[in-house]
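Whatever order the structure lists them in is the order used to number ligands and atoms, beginning at 1.
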Amino acid sequence: MTIRLYLACYYVTARVGTPSSLMEEEGLLEEQPWRVLEFYSGIGGMRYSAMKAGVNAKMVEAFDINDLANDVYAHNFGHRPFQGNIQTLSAADLDRYEANVWLLSPPCQPYTRQGLQKQSADARASSFLRILEIIPELRQPPAMLFVENVVGFETSDTHQKMIQILEESQFVTQEFVLSPLQFGVPYSRPRYFCLAKRKPSSFCNPEFNGQLIFVPKPLFGHKESTLISENDQLISTSNDMQQTCLPIEIFLEFGNCMNQNTFSIEGSLSQYFVPSSLIERWGSAMDIVYPDSKRCCCFTKSYYRYVKGTGSLLATIMPKTRDKTSLEDLCLRYFTPREVANLHSFPMEFGFPEHVTLRQRYALLGNSLSVAVVAPLLHYLFSDP
Ligand SMILES: C[S@@+](CC[C@H](N)C(=O)[O-])C[C@H]1O[C@@H](n2cnc3c(N)ncnc32)[C@H](O)[C@@H]1O
């Protein structure tokens with residue numbers, strides 16, 4: 001079944017800070033906006049990143065198979081993504097959009113360390129492989145591509161295939177593994193990113209072509225002070241980059257005063273309180289952070305359903321001595337969905353439609369991405385040398 005195409009367009013943004021009408025008057029809008037397709041759009045992390053990056057882009061279409069994610073996207077952007085399996089798109093379908101930029105954040109389960117790591121053999125990898133195979137079949141291939149995935153993707157056979165197809169289709173690539181911690185956000189969420197430009201386009205720092213880079217410095221024009229490791233990869237000089245991060249309290253919607261008493265007064269807040277039974281059973285596996293902490297763990301789509309490895313819990317009582325206080329006394333709570341969105345650097349205007357349940361909100365956010373990381377990467381991708 002082929003997905004029917006709607007050619008209705010919707011806009012990301014003109015350049016940040018300058019209304020487009022004003023820019024037109026000033027004669028600044030000399031260039032046509034880039035026509036962008038957003039694959040695996042989820043709740044719109046890529047779109048928010050493009051907005052934050054201030055790139056001159058027009059979102060031509062977004063695609064996602066998940067009904068609920070599309071509800072959230074429509075709620076925030078006033079446009080419902082195309083609902084269907086990306087695998088069913090043909091080259092002719094995609095050519096009709098006349099897009100020149102593709103943003104893709106395909107499913108990561110085939111590559112996660114906790115998963116079976118079946119890579120390309122996992123059915124959830126098929127749609128991405130198919131979309132890659134379409135590139136050489138296109139009448140008008142994209143000029144730029146941006147791919148986001150989990151760390152582990154870069155060693156997969158899907159990655160190998162992606163690089164092979166991109167090279168054969170005349171793309172140059174630069175790859176990154178970056179975390180929000182490297183952008184001042186107290187949030188550990190390292191992710192893999194591939195930036196690709198089709199020749200004759202090139203990157204501002206072409207000396208990084210074909211490399212996997214672990215520091216954000218090339219994005220900001222720094223060429224020196226990045227180190228080359230034994231296997232020629234750029235590595236971070238600093239193990240303690242979180243020292244430069246803001247404290248977690250800046251990202252909280254309920255401050256330190258939120259304790260058990262507050263929970264009982266404010267009925268709806270009680271849902272964030274961690275029950276004693278969970279503390280007893282899973283206490284030793286919990287990642288506990290404090291309002292003054294400068295790091296918290298990655299929130300996954302299973303946050304709030306499971307405790308182990310799904311994201312940090314917040315101590316709302318600051319103990320005098322941290323290592324001697326019982327967990328019960330810390331008045332532990334879950335981060336709220338708004339706070340997870342804050343740590344993902346989503347804008348304040350982002351919200352959920354009422355019918356989306358708490359668990360669904362966490363699941364959708366857990367699948368999304370860090371705007372603080374993706375925005376500068378997109379800005380770099382869209383910049384001309
Ligand atoms: C890693 S998430 C991307 C989330 C997105 N970047 C965001 O900011 O929310 C992958 C998304 O791809 C969607 N998806 C997975 N397989 C798909 C397919 N074959 N066709 C269309 N969408 C698919 C899922 O519903 C999910 O929303």
I need the atoms of ligand 1 closer than 4.0 Å to a non-hydrogen atom of Ser368, numbered in the order shown. 7 (C), 8 (O), 9 (O)

Any nitrogen or oxygen of Glu148, side chain or backbone, less than 3.5 Å from one on ligand 1? no

Rounded to the nearest 0.5 Å, the CZ atom of Arg47 sits from the CG atom of Leu378 at a distance of 13.5 Å

Taking the ring of Tyr97 and the ring of Phe63, is the distance between their centroids below 6.0 Å? yes

I'd like to know whether the aromatic ring centres of Tyr303 and Tyr334 sit less than 6.0 Å apart in this structure. yes

Could you point out which residue of Trp34, Phe39, Phe128, Phe171 forms a ring pair (Phe, Tyr, Trp, His ring centres under 6.0 Å) with Trp102? Phe39

Any Lys/Arg nitrogen of Glu31 or Lys58 sitting under 4.0 Å from an Asp/Glu carboxylate oxygen of the other? no

Is any side-chain N of the basic residue among Arg80 and Asp67 closer than 4.0 Å to the acidic one's carboxylate O? yes

The atoms of ligand 1 lying under 4.0 Å from a heavy atom of Leu369, numbered in the order shown, are 6 (N)

Could you grab the distance from atom CZ of Arg189 to atom SG of Cys296, nearest 0.5 Å is fine? 10.5 Å

Only heavy atoms of Gly84, strictly under 4.0 Å: list the atoms of ligand 1 that pass. 20 (N), 21 (C)

With nothing but distance in play, are any N or O atoms of Ile86 less than 3.5 Å from an N or O of ligand 1? yes

Does Pro107 reach ligand 1, in the sense of a heavy atom lying below 4.0 Å from it? yes

Looking at Leu377, Leu212, Asn149, Leu166, which one forms a side-chain contact (heavy atoms from CB on, under 4.5 Å) with Cys194? Leu166

As an exercise, identify every atom of ligand 1 less than 4.0 angstrom from a heavy atom of Asn367. 1 (C), 2 (S), 3 (C), 4 (C)

Nearest candidate to atom 18 (C) of ligand 1, where distance is taken over non-hydrogen atoms, out of Asn85, Ile43, Asn66: Asn85

Atoms of ligand 1 close to Gly45 [distance to a heavy atom under 4.0 angstrom, numbered from 1]: 7 (C), 8 (O)

Taking 4.0 Å as the limit for heavy-atom contacts, which would you say applies to Ser127 with ligand 1: side chain only, backbone only, both, or neither? side chain

Can you find a non-hydrogen atom of Ser41 under 4.0 Å from ligand 1? yes

